[in-house]
Amino acid sequence: MDTTLDQLQPGQRANIIRISGADGIASRLREMGFVPGELVHFLRPAPLGDPLKCSVHGSRIAVRCGEARRVYVEPVG
């Protein structure tokens with residue numbers, strides 16, 4: 001079963017496998033550091049659940065749940 005970034009638990013780390021899509025959103029996610037092979041750390045969701053706060057490639061980034069569903073990951077540990 002494929003796991004996406006929005007399915008991780010707060011504090012969980014995962015390796016990025018792929019980004020789905022070939023549109024502007026997928027391109028922007030790659031520009032922000034969400035590239036295959038990179039480690040992402042899911043920090044926490046916002047108080048109302050959206051956006052999600054993550055750390056990738058040394059930067060803290062907030063992504064919307066819809067965007068996070070496009071980032072396929074493999075949990076570490």
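In this text the structure is predicted, and so the values were computed from the model without any measurement.
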Let me see the working for Val40 and Val71 under side chain to side chain contact (heavy atoms under 4.5 Å, CB included), right down to the final yes or no. CA-CA 10 Å; Val40 62; Val71 181; 5.8 Å; no
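- Shown here for Gly33 and Glu38, the closest heavy-atom pair between the two residues is O-CG, 3.8 Å.
- Criterion: ILVMFWY side-chain heavy atoms under 4.5 Å apart, direct or through other members. Under it, Ile61 and Leu52 are part of a common hydrophobic cluster.
- Phe34 contributes atom CZ, which lies 13.0 Å from atom CZ of Arg70 (distance to the nearest 0.5 angstrom).
- Taking hydrophobic clusters as Ile, Leu, Val, Met, Phe, Trp and Tyr residues chained together by side-chain heavy-atom distances below 4.5 Å, Leu43 does not share a cluster with Val56.
- Here the rule is side chain to side chain contact (heavy atoms under 4.5 Å, CB included) with Val73, and of Asn15, Thr4, Leu39, Leu8 only Leu8 fits it.
- Counting all heavy atoms, side chain and backbone alike, Ile17 lies closest to Pro36 at O-CB, 3.4 Å.
- Following chains of ILVMFWY side-chain contacts shorter than 4.5 Å, one can reach Ile16 starting from Met32, so the two form part of one hydrophobic cluster.
- Leu5 and Ile25 fall within the same hydrophobic cluster, defined by Ile, Leu, Val, Met, Phe, Trp and Tyr side-chain heavy atoms under 4.5 Å apart, directly or through other members.
- The distance from the CZ atom of Arg18 to the CZ atom of Arg30 is 11.0 Å, given to the nearest 0.5 Å.
- Side-chain atoms of Thr3 and Gln12, non-hydrogen and from C-beta on, never get closer than 4.5 Å to each other.
- Closest heavy-atom contact between Ala26 and Ser20: CB-O, 3.7 Å.
- Nearest heavy atom pair, residue Phe42 against residue Cys54, reads CD1-SG, 4.0 Å.
- Asp50 approaches Arg64 most closely through the heavy-atom pair OD1-CA, 3.3 Å.
- In summary, Glu31 and Arg28 engage in a salt bridge, as defined by a charged side-chain N under 4.0 Å from a carboxylate O.
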